[in-house]
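Starting from 1, each residue takes its place in the sequence as its number. Predicted model, so just to flag it, every value in this text is computed and none were measured. Note that ligands are numbered from 1 as they come in the structure, with each ligand's atoms numbered from 1 the same way.
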Amino acid sequence: MNISTHNSDTRSDIRHDWTLEEVQALFDKPLSDLMFQAQSLHRCYFDPNQVQLSALLNIKTGGCPEDCAYCSQSARLETRMQHEPLMQRDTVLEAARQAKAQGAGRFCMGAAWRRPKGKDFDTMLDIVEAVKAEGLETCMTLGMLDTEQAQRLKQAGLDYYNHNLDTSESYYPQVISTRQYQDRLDTLQHVRDAGLKVCCGGIIGMGEDQMDRAELLRTLANLSEHPESVPINQLVKVEGTPLAAVDDIDPLDMVRCVAVARILMPHSHVRLSAGRAQMSDALQTLCFLAGANSIFYGEKLLTTDNADVQRDQRLLQRLGMNAAI
Ligand code: SAM
Ligand code: DTB
Ligand code: SF4
């Protein structure tokens with residue numbers, strides 16, 4: 001395939017029939033070849049000097065009944081995370097205004113729930129309406145949704161719903177026992193059917209092997225529509241979780257994952273997500289060159305520290321990159 005002849009209306013780049021062997025072959029390429037292929041496709045679909053900035057706010061902290069082995073907020077793990085009740089609408093709104101003033105274009109709100117219920121769900125609708133009215137794109141990640149909940153969030157003005165597959169279907173039971181992979185796929189379908197944009201990705205560095213990473217990215221690419229946004233998180237090791245002492249990954253594995261995600265889903269935003277605080281500027285730069293074009297921006301992720309805002313501003317300036325409007 002002669003990548004240099006691609007142009008932006010070559011829809012044959014958008015495939016939903018990837019085999020595991022094809023995806024593994026991408027992972028096995030010499031890095032320079034993989035980067036060239038990813039860069040070439042990236043330039044067909046995006047301005048390579050633009051990065052989308054999303055701010056994150058945890059609107060309900062801790063006490064979650066699920067047992068995700070990476071998570072500080074599971075009530076089943078000894079993480080010493082304080083449980084905080086759902087934030088008031090005005091507190092969320094104030095944080096959204098600040099995020100906008102700092103330059104974020106999208107405001108993502110997370111809640112440590114298995115699924116939203118009752119009055120709490122109605123509060124979500126109020127919050128979406130209010131944040132949307134501030135002129136920000138809205139995103140929520142609240143756990144599983146049924147069809148009606150997805151439709152009501154859409155009607156309230158929600159733009160994106162984040163719901164990660166996290167890893168391959170076969171590695172999933174090593175990480176989470178309180179729900180099935182199919183539960184995640186069902187929610188993704190409800191979100192898509194409601195006309196919401198899908199934000200779905202995973203976590204690298206939970207002890208999975210390259211085949212699991214290939215299988216995760218293949219599952220995402222073979223969905224009937226590619227997620228508009230694909231967050232690639234590097235595990236943030238949290239004390240008290242079963243994954244607190246897992247071996248570090250080779251930093252270049254992150255670059256490879258970003259590049260493969262870019263090739264498999266050329267017109268999706270690939271977000272360099274959790275773990276940036278622990279990455280060097282050089283590693284983040286390689287990830288941008290591999291096709292990452294979105295980041296979480298702001299001092300905090302959900303419960304852990306994000307990369308410092310001034311450091312991010314300096315890095316983007318040094319790279320000649322601008323925030324996408
Ligand atoms: N409870 C909801 C759910 O699980 O969908 C929403 C919040 S949950 C914290 C959102 C996502 O954050 C998870 O699916 C996972 O991919 C990511 N995440 C959580 N803890 C993480 C960690 N320690 N390191 C990297 N990513 C993490
Ligand atoms: C996503 O893929 N990563 C974000 C967001 N979606 C909700 C969350 C990262 C959480 C990192 C650990 C923490 O701060 O608790
Ligand atoms: Fe709960 Fe989400 Fe954390 Fe899992 S990742 S324990 S569902 S908050």
Side-chain angles (χ1 to χ4, degrees), residues 54-84 86 106-117 120 124 138-145 160-167 172 175-181 183-188 190-191 198-208 216 220 227 229-246 249 254 257 261 269-279 292 294-307:
S54 288
L56 256 183
L57 179 69
N58 210 23
I59 61 175
K60 187 265 172 184
T61 302
C64 182
E66 305 266 33
D67 68 352
C68 310
Y70 47 77
C71 188
S72 63
Q73 303 193 75
S74 168
R76 295 169 190 252
L77 305 177
E78 301 288 324
T79 63
R80 289 192 238 120
M81 172 60 55
Q82 287 299 314
H83 179 184
E84 285 169 33
L86 183 57
R106 187 176 310 156
F107 195 63
C108 305
M109 296 157 271
W113 287 324
R114 175 173 164 80
R115 57 171 75 255
K117 291 186 196 139
D120 286 345
M124 294 304 104
T138 52
C139 177
M140 281 185 160
T141 180
L142 315 171
M144 292 182 259
L145 294 182
Y160 288 81
Y161 196 75
N162 167 242
H163 201 64
N164 290 338
L165 289 175
D166 283 341
T167 188
Y172 204 70
V175 181
I176 298 154
S177 77
T178 50
R179 58 173 187 260
Q180 308 292 309
Y181 212 65
D183 295 325
R184 290 309 257 194
L185 293 169
D186 290 347
T187 291
L188 290 171
H190 300 152
V191 166
V198 171
C199 173
C200 183
I203 306 178
I204 307 304
M206 300 192 293
E208 76 287 341
L216 166 68
L220 294 170
S229 162
V230 180
I232 308 291
N233 295 279
Q234 179 175 301
L235 176 72
V236 179
K237 295 181 198 174
V238 176
E239 209 187 314
T241 65
L243 295 176
V246 74
I249 57 169
M254 194 68 189
C257 281
H269 276 83
V270 175
R271 181 173 308 116
L272 189 54
S273 303
R276 283 196 312 111
Q278 290 76 27
M279 291 176 201
S294 169
I295 55 173
F296 285 121
Y297 183 68
E299 302 298 339
K300 238 179 146 190
L301 294 166
L302 293 175
T303 65
T304 64
D305 288 342
N306 192 16

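- Ligand 2 has no nitrogen or oxygen under 3.5 angstrom from a nitrogen or oxygen of Thr141.
- Annotation: atom 2 (C) of ligand 1 to nearest protein heavy atom, Gly143 N, 3.6 Å.
- Side chain of Asp166 to backbone of Ile203: no donor-acceptor contact under 3.5 angstrom is found.
- Nearest protein heavy-atom neighbour of atom 11 (C) of ligand 1: Asn164 ND2, 3.8 Å.
- Of the candidates Arg115, Arg179, Arg184, Arg76, Arg179 is the only one forming a salt bridge (charged side-chain N to carboxylate O under 4.0 Å, His left out) with Glu66.
- Heavy-atom contacts from other residues, nucleotides or ligands closer than 6.0 Å to CD of Gln180 number 12 or fewer.
- A donor-acceptor pair under 3.5 Å links the side-chain atoms of Glu208 to the main chain of Met206, judged by distance alone.
- Which parts of ligand 2 touch Asn164 is read off a 4.0 Å heavy-atom cut-off, strictly below it: atoms 1 (C), 2 (O).
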Run Leu56 and Phe107 through side-chain contact (heavy atoms from CB on, under 4.5 Å) and show every step you take. CA-CA 6 Å; Leu56 256 183; Phe107 195 63; over 6 Å; no

Could you please spell out the steps behind the side-chain contact (heavy atoms from CB on, under 4.5 Å) verdict for Ile232 and Ser273? CA-CA 6 Å; Ile232 308 291; Ser273 303; 5.6 Å; no

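- Nearest non-hydrogen protein atom to atom 8 (S) of ligand 3 is Ala112 CA, 3.6 Å.
- Side-chain contact between Tyr70 and Val175 is present, with at least one heavy-atom pair separated by less than 4.5 Å.
- With Gln234 contributing its side chain and Gly275 its backbone, the two residues share no donor-acceptor pair below 3.5 Å.
- Of the polar atoms of Leu235, none of the N or O atoms is found under 3.5 Å from an N or O of ligand 1, judged by distance alone.
- Which of Leu165, Ile232, Asp166 comes nearest to atom 16 (O) of ligand 1 through a heavy atom is settled by distance: it is Asp166.
- At under 3.5 Å, a nitrogen or oxygen of Leu302, whether backbone or side chain, sits near a nitrogen or oxygen of ligand 2.
- A donor-acceptor pair shorter than 3.5 Å cannot be found between the side chains of Glu84 and Asn58.
- For atom 3 (Fe) of ligand 3, the closest non-hydrogen atom of the protein is Cys71 SG, 2.4 Å.
- Taking the ring centre of Phe296 as origin, the terminal cationic atom of Arg276 falls outside the region bounded by 6.0 Å and 45° from the ring axis.
- Using a 4.0 Å cut-off between heavy atoms, Thr303 contacts ligand 2 through both its backbone and its side chain.
- For atom 27 (C) of ligand 1, the nearest protein heavy atom (residue, atom name, distance) is Ile203 CD1, 3.7 Å.
- With respect to atom 6 (C) of ligand 1, the closest heavy atom belonging to the protein is Thr141 OG1, 3.1 Å.
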Could you go through Met109 and Thr141, starting from their C-alpha distance and side-chain angles, then the distance that decides it, and tell me whether this counts as side-chain contact (heavy atoms from CB on, under 4.5 Å)? CA-CA 6 Å; Met109 296 157 271; Thr141 180; over 6 Å; no

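- Heavy atoms of Arg114 come nearer than 4.0 angstrom to ligand 3 in no pair at all.
- Looking at Tyr160, its side chain never comes within 3.5 Å of a backbone N or O of Ser229 through a donor-acceptor pair.
- Neither side chain, Ser72 nor Thr79, offers a donor N or O lying under 3.5 Å from an acceptor on the other.
- In terms of polar-atom proximity, defined here as any N/O pair under 3.5 Å, Gln73 makes no such contact with ligand 1.
- Looking at Thr61, Val236, Thr187 and measuring to atom 24 (N) of ligand 1, the nearest heavy atom belongs to Val236.
- Residues Asp67 and Ser74 have side chains that never bring a donor and an acceptor to within less than 3.5 angstrom of each other.
- Counting only heavy atoms of the protein, atom 6 (N) of ligand 2 lies nearest to Asn162 OD1, 3.2 Å.
- Protein heavy atom nearest atom 4 (Fe) of ligand 3, with residue, atom name and distance: Cys68 SG, 2.2 Å.
- Of the protein's heavy atoms, Arg184 NH2, 3.7 Å lies nearest to atom 3 (C) of ligand 1.
- At least one heavy atom of Gln234 sits less than 4.0 Å from an atom of ligand 1.
- The proximity of Thr304 to ligand 2, defined as any non-hydrogen pair under 4.0 Å, involves the side chain as well as the backbone.
- Of all atoms in ligand 2, numbered sequentially from 1 with element shown, those under 4.0 Å from a heavy atom of Pro231 are 2 (O).
- Looking at atom 9 (C) of ligand 1, its nearest protein heavy atom turns out to be Leu302 CD1, 3.4 Å.
- The single protein non-hydrogen atom nearest to atom 3 (N) of ligand 2 is Asn233 OD1, 2.9 Å, given as residue, atom name and distance.
- Closest to atom 1 (Fe) of ligand 3 among all protein heavy atoms lies Cys64 SG, 2.3 Å.
- The protein atom (non-hydrogen) at minimum distance from atom 18 (N) of ligand 1 is Tyr70 CE1, 3.9 Å.
- Shortest contact from atom 5 (C) of ligand 2 to any protein heavy atom: Phe296 CZ, 3.6 Å.
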